Amino acid sequence: MVSKTDDIPASVPDCNPADVADGAGDGAQDGKETRLKDSCGCGHNADKAMVNGDGAHEHTGEAELKQHGNGEADAEEESNEQEVIVIQDTGFTVKIQAPGTEPFDLQVSPQEMVQEIHQVLMDREDTCHRTCFSLQLDGNVLDNFAELKSIEGLQEGSLLKVVEEPYTVREARIHVRHIRDLLKSLDPSDAYNGVDCNSLSFLSIFTDGDLGDSGKRKKKGNDLEQIDCTPPEHILPGSKERPLVPLQPQNKDWKPMQCLKVLTMSGWNPPPGNRKMHGDLMYLYIVTVEERHVSVTASTRGFYLNQSTTYSFNPKPANPSFLSHSLVELLSQISPAFKKNFTALQKKRVQRHPFERIATPFQVYSWTAPQVDHAMDCVRAEDAYTSRLGYEEHIPGQTRDWNEELQTTRELPRKNLPERLLRERAIFKVHSDFAAAATRGAMAVIDGNVMAINPGEETRMQMFIWNNIFFSLGFDVRDHYRELGGDAAAHAAPTNDLNGVRAYGAVDVEGLYTLGTVVVDYRGYRVTAQSIIPGILEREQEQSVIYGSIDFGKTVVSHSKYLELLEKTSRPLKVQRHNVLNEKNETVELCSSVECKGIIGNDGRHYILDLLRTFPPDLNFLPVDGEELPPESQRQGFPRQHRHRLACLRQELIEAFVEHRYLLFMKMAALQLMQQKANKDSNKTETPAITATSETSTESTADTIQTQTTTSDSTETETCTDCTAQTDSSTSAASQTATDSEENSSEPATNGPLDSAATQNGACKSPLEGKELEESIPGLAQAKELAETLVAEDGSGIDPKSREVVLNACKAVGSISNTSFDIRFNPDIFSPGVRFPDNSVDEVQKQKQLLKDAAAFLVSCQIPSLIKDCLDHSALPMDGATLTEALHQRGINVRYLGTILEFVEKTPAKAQLEHIYRIGVSELITRCAKHIFKTYLQGVELSALSAAVSHFLNCFLSSFPDAVAHLPPDELVSRRKSRKRRNRVPGGGDNTAWASLTPSELWKNIASEAQSYYHYNIQCESVDQVVEKYSFQKTTLLREISIKTGIQILIKEYNFDSRHKPAFTEEDILNIFPVVKHVNPKASDAFHFFQSGQAKVQQGFLKEGCELINEALNLFNNVYGAMHVEICACLRLLARLNYIMGDHPEALSNQQKAALMSERVLGIEHPNTIQEYMHLALYCFANGQLSTALKLLYRARYLMLLVCGEDHPEMALLDSNIGLVLHGVMEYDLSLRFLENALNINTKYHGPRSLKVALSHHLVARVYESKAEFRSALQHEKEGYTIYKNQMGEAHEKTKESSDYLKYLTQQAVALQRTMNEIYKNGSNASIMPLKFTAPSMASVLEQLNIINGIIFIPLSQKDLENLKAEVHRRQQLQELGKSEEPTEESQLQLEDKIPID
């Protein structure tokens, strides 16, 4: 059984029809799935693998072998996180006996620590109220931190006793905190407030709990009568209202079941000395639901009632005292309501899916929240007022030394898989803890809760230290950035620096250290949080910097050790080693930009910091006197003036540019060799020195060149068409020299994509002879070996002619070496203040040219390719965030947004890009508004914050023309004074300047910001004009601005369009959150498994692919814990494979996890979450849960309407799904509304002649047939038939199917007409032929659902499979060729449509 997708974008060179990972249906995911591969920039995955020694392949092999042993472990077992570590021992079962409960069995694994059993017991329903106990085996207490395998006598079936231990103050506190957590376990307020890594999830509301127990619901599903299919009004096609309230449906579980009214620390704490000596640890004050006020003593022996009251202290035990070891036991005895509700609460808590309660690795904030009652909570209060910096409760020695933790985890060994897993897990954990601490600190700094280390200076110059983290504000203090653009540069530098930290961190060179860095935007301020280099605060900066420059290149120093370390990063990061002059005109050698400083800490580690110019400058936004940009850039109006001079190219762009140049290099070498060959044919004797290469190698290399020639869209005119003819070994020589640069570096795949050559060759098969995959790869290996010997001989082994060829090709593409392909950039070119020695003039000139070419490449290749991907729907952004991601993936900075929009406006197919245009303009407008909001907020004092934010939103979104700010009435001023205040003019005081903003002024500012920053012209004076002109929705704009600025608003219906009163009041602004940027450490091994799994699946080996992806899932869990974006993608792919291989229940279970996780980690209305809901609905339908499938589809449609509106290509897929399911449950009229909407959208975005449109016509015709409206059915099916006939020809099976269906419809129509005539003629006693009106069978509906979602099952024999694979590759070749010569759009359309259907 093999799956194929229904529609494959014609221009993705390596997208296979057997690509199950995501079919065309997956639209937005198409981008995402691949994005997973390189979410942090194209090259890292390669470099990462290579850090572990020469190639990660030996390891993966060994890992696979070892791990298949326990790969079958039950994935549900979250507690058991270590199950993955590669050891053959399997788990075993122990019995556990707790006081007052029956003994129960627990599955454990030998690597677990005793502590993990503690965690399990504290989570189990019947033992969750115990925290202070030890585990004993035969009377011996087990050490908490011992691994189970190290404990003597512990084996299958051992009995572990839970023994209550005496309390200490710390244990008593932990106990109270744990009880409070249990009481709050269903309460979503932490998720709304964005604390403790809680986040929202609503999936269980739509699936009525867990999907696993479908047994009892199955019966209901098949009785069609009981399903209520009418969607709410606002979800129907064409509805204009976009309500906000349904975004967070009310969860009945959250109606808090009150167990206690008050649980708080008593005012009598701490116990006086004489009571301490009686064992009193602390006192609690409790009010039960029955209004009984009690005072409780926590003593070493447990908890009991004492005789104190609010005003008199009497610590003697009450009578009865109810002494109990756990607070829950005590409260259950004194309050019946507590006993009943606590038991019910724990039942519910345990029933929730684990993914609904596990903490996420990084905090996710919700931009909407209901009004939550603020309840009394002793633990929350205590946390706020004690300086709970890190996790003192858990770590001896109080605050954490972040720098030491971050660097020590980097130093962990990484020789084999288990070591690497431990290391990556430690790195990830410390990073997420650091990000959380840095965010809390940054908020404390801006809220004024931290004392500055230089309190005498003015506020914007202050710096702070809190919890061993250093905080600085994003302002240009001491004119540091004066020449680079002042405050604008100071604001951009931290993000550039973070990108540098990310890049060096990913290269991961041993011995080179970067600082933990987090950038936080909060309340209009940008705060940079960094870990502290040991000793740096005691010395002056001048003394400590031993490499780089502290004044942008006036004085420069260098250091041999730093050069040696940075040299290792120079290849993957494409940084060229270069010389600069210092203040004494001496030459200094650097291997980074000048501002990159090297400091040796007191711990002896080599740190680098200020990495803001890791990547070269972007000349399109850096006008330089006397320098001309290439014509491609000038035609687009570049260079343009930018706010600051720190505009850099993105790492993804550098990678793409180098790859592009590599193809050019291969092409030039091939062309020259052909000419040489032509000359040589006359003179056969002169053969090159390396005829040893096997035939396959040469052919395959030649093919590679061929394939790449066609894909490369360079300016070369002569394309080499008969490359394959020359199986003369000189070709192989050239390509070996090409690979030779790769071979001597430590990480091949990063420079010049040798990889891509291999895959193009492997997956696409060589264009002209269908060589088997297996053969061509060994050929490549031989070529590599040969290249290595060439390197060893210093290039002298190649005959002079070939060497000349390589030299010419190197010169042409700007390689820095003459014997091999190697492109690197000098980041200091065009830096003001940097001077180069005279002897490097030529080199500098070459570098300048390279930078100009890269800038032109962005404009002339990357932007058009983005637009092309959007046109053929291989990139399908739905909102601002996914659009930005699509840009970044291709190395385009957001500052090019205006250019992209202009490009779209000029595209002939502009109508098919309307969704991109709309999302682009809305992103541009909300970003301009964000820039204005940032400075606007800086002038607002804390007490006026909600008034200021609501005023800004009114000016931005409300149609009310004269939004007047309500200056907060001073609640604390006496009556008489307040009258005076009222007459005060707004803006009189310094702090109320914000109140004078008007809507027209704000929109003027937005237009001028769009012009000056994005060089884009918006002619709109008010929000209503914008909405009119670009057909926006105000809720979408509200969502975008709230997410970008961290605003949280009250969830209710806002009346934006009222001209009589503003939409927002200050009561509607609930909170303002930080927007946080940080490094995302990756799980490299897991990632390689994931990629090889994807590759296997694409080659059609589903089972092997499935195993690899399961393995990847295990490793991901091991590094990231249970929740992570990448685990989400893994689960989604796994579910899809399960589904294709026919295991529907397993598909459902995996997809449910993916959907839950996406809600928790990305957000409840993130475009990915919408996708996950759609997949889940399909699997629900396949499992016979029809009503659930519909609920999920309706939810997905609601979210999509909110996020991007109805006019989006993805909406067509969603509506086809809804229409099909409704057809299946015989709701024909409703079904037609959705299917006809899908037809319209498909026609608009895919063009009227697309196969998608033909399919839409067919689906509509089927519903009309079910309604017995044969005329309409015939009309639609004819349309579809015409498309099939024109696109595929008469003989194609799709055309035949369609014509058969037409015949059938005609027969039915004739039969119906006869019957009607009969009735007219003979009146009521006519003999009526029974007509066949059939409800469609579930199987036929499911088949259509599979087709539109890009999944097709074909029962195949082995031979068919082989033929299919060959066919797939032949098609890809056609695609490749199709790419190089797209004369008109017409041909492209046909190509796109011919390929998929079989």
Side-chain angles (χ1 to χ4, degrees), residues 5-7 23-28 229-231 234-239 872-873 876 878 911-912 914-915 1167 1170-1171 1173-1175 1177-1178 1181 1189-1190 1192-1201 1203-1225 1227-1267 1269 1272-1273 1275-1280 1283-1284 1298 1336 1340-1351 1392-1393 1396-1397:
T5 54
D6 176 45
D7 215 333
D26 283 23
C229 306
T230 14
H234 59 260
I235 290 179
L236 289 171
S239 157
D872 57 32
H873 304 292
L876 251 188
M878 258 192 235
Q912 291 185 25
E914 210 169 287
H915 60 297
I1170 300 178
Q1171 296 284 340
Y1173 266 83
M1174 284 166 64
H1175 293 310
L1178 172 65
F1181 187 89
L1190 265 176
L1192 292 167
L1193 286 168
Y1194 288 155
R1195 170 70 171 171
R1197 192 172 208 275
Y1198 165 73
L1199 293 174
M1200 204 186 290
L1201 287 172
V1203 169
C1204 64
E1206 196 158 55
D1207 185 17
H1208 190 281
E1210 196 63 0
M1211 193 53 99
L1213 175 67
L1214 184 48
D1215 281 354
S1216 306
N1217 273 306
I1218 296 178
L1220 272 167
V1221 176
L1222 286 169
H1223 185 192
V1225 297
E1227 289 274 350
Y1228 302 134
D1229 294 333
L1230 259 183
S1231 169
L1232 276 176
R1233 288 185 68 170
F1234 286 101
L1235 288 173
E1236 287 179 329
N1237 190 46
L1239 174 61
N1240 296 336
I1241 295 178
N1242 273 332
T1243 313
K1244 171 174 177 180
Y1245 284 107
H1246 292 273
R1249 307 187 40 209
S1250 142
L1251 293 181
K1252 274 205 179 346
V1253 175
L1255 185 57
S1256 267
H1257 277 299
H1258 175 65
L1259 297 179
V1260 174
R1262 284 179 36 155
V1263 182
Y1264 275 123
E1265 177 213 346
S1266 297
K1267 286 182 71 179
E1269 295 181 20
S1272 310
Q1275 193 183 332
H1276 278 286
E1277 192 53 47
K1278 274 193 188 123
E1279 295 272 342
I1283 296 176
Y1284 283 133
S1298 182
S1340 70
V1341 175
L1342 187 57
E1343 183 190 358
Q1344 297 293 335
L1345 276 172
N1346 287 332
I1347 290 173
I1348 61 170
N1349 287 297
I1351 299 172
E1392 170 184 339
D1393 281 329
I1397 298 241

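Computed from a prediction, not measured in an experiment: that's the story for all the values here.
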For this session: With side-chain contact (heavy atoms from CB on, under 4.5 Å) as the test, would you mind laying out the steps for Val1221 and Leu1345 before giving the verdict?
Result: CA-CA 8 Å; Val1221 176; Leu1345 276 172; 4.3 Å; yes

Sub-4.5 Å side-chain heavy-atom contact between [X] and [Y]:
X: Met878; Y: Gln1171; result: yes
X: Phe1181; Y: Val1341; result: yes
X: Leu1342; Y: Leu1220; result: no
X: Met1211; Y: Leu1201; result: yes
X: Leu876; Y: Pro1209; result: yes
X: Val1253; Y: Pro1248; result: no
X: Ile1241; Y: Glu1210; result: no

Exercise. Residues in salt bridge (charged side-chain N to carboxylate O under 4.0 Å, His left out) with Arg1197, at least two apart?
Worked result: Glu1206, Asp1215

Distance (rounded to the nearest 0.5 Å) between [X] [atom1] and [Y] [atom2]:
X: Leu1235; Y: Leu1230; atom1: CG; atom2: CG; result: 10.5 Å
X: Met1174; Y: Ile1218; atom1: CE; atom2: CD1; result: 8.5 Å
X: Ile1170; Y: Leu1193; atom1: CD1; atom2: CG; result: 12.5 Å
X: Glu1279; Y: Ser1256; atom1: CD; atom2: OG; result: 12.0 Å
X: Asn1217; Y: Asn1349; atom1: CG; atom2: CG; result: 4.5 Å
X: Met1200; Y: Leu1213; atom1: CE; atom2: CG; result: 7.5 Å

Exercise. Could you walk me through whether Tyr1264 and Leu1232 pass the side-chain contact (heavy atoms from CB on, under 4.5 Å) check?
Worked result: CA-CA 8 Å; Tyr1264 275 123; Leu1232 276 176; 3.5 Å; yes

Seminar exercise, completed: Note: Tyr1228 and Pro1336 closest approach over all heavy atoms is OH-CD, 3.9 Å

Problem set entry | Minimum-distance pair of heavy atoms, taken over all atoms of His1246 and Gln912 | C-NE2, 4.4 Å

Those residues that, when tested against [X], pass side chain to side chain donor-acceptor pair (under 3.5 Å) (two or more places apart):
X: Thr230; answer: Asp228
X: Tyr1198; answer: none
X: Ser1340; answer: Ser1337
X: Asn1240; answer: none

Exercise. So, does Ser1216 use its side chain to make a donor-acceptor pair with the main chain of Ala1212 at under 3.5 Å?
Worked result: yes

Exercise. So, does Thr1243 use its side chain to make a donor-acceptor pair with the main chain of Leu1239 at under 3.5 Å?
Worked result: yes

Exercise. Excluding sequence neighbours, so at least two apart, what forms side-chain contact (heavy atoms from CB on, under 4.5 Å) with Ala1254?
Worked result: Ile1283, Tyr1284

For this session: Go through the steps to decide whether Asn1237 and Arg1233 satisfy the test side-chain contact (heavy atoms from CB on, under 4.5 Å), and finish with yes or no.
Result: CA-CA 6 Å; Asn1237 190 46; Arg1233 288 185 68 170; over 6 Å; no

For this session: Report the C-alpha separation of Gln1344 and Leu1255 in whole Å, then their side-chain angles, then the decisive distance to 0.1 Å, and conclude whether the side-chain contact (heavy atoms from CB on, under 4.5 Å) test is met.
Result: CA-CA 9 Å; Gln1344 297 293 335; Leu1255 185 57; 4.1 Å; yes

For this session: Over 60° means perpendicular and under 30° means parallel, so classify the ring planes of Tyr1245 and His915, tilted if in between.
Result: perpendicular

Exercise. Looking just at side-chain N and O atoms, do His1258 and Glu1277 make a donor-acceptor pair shorter than 3.5 Å?
Worked result: yes

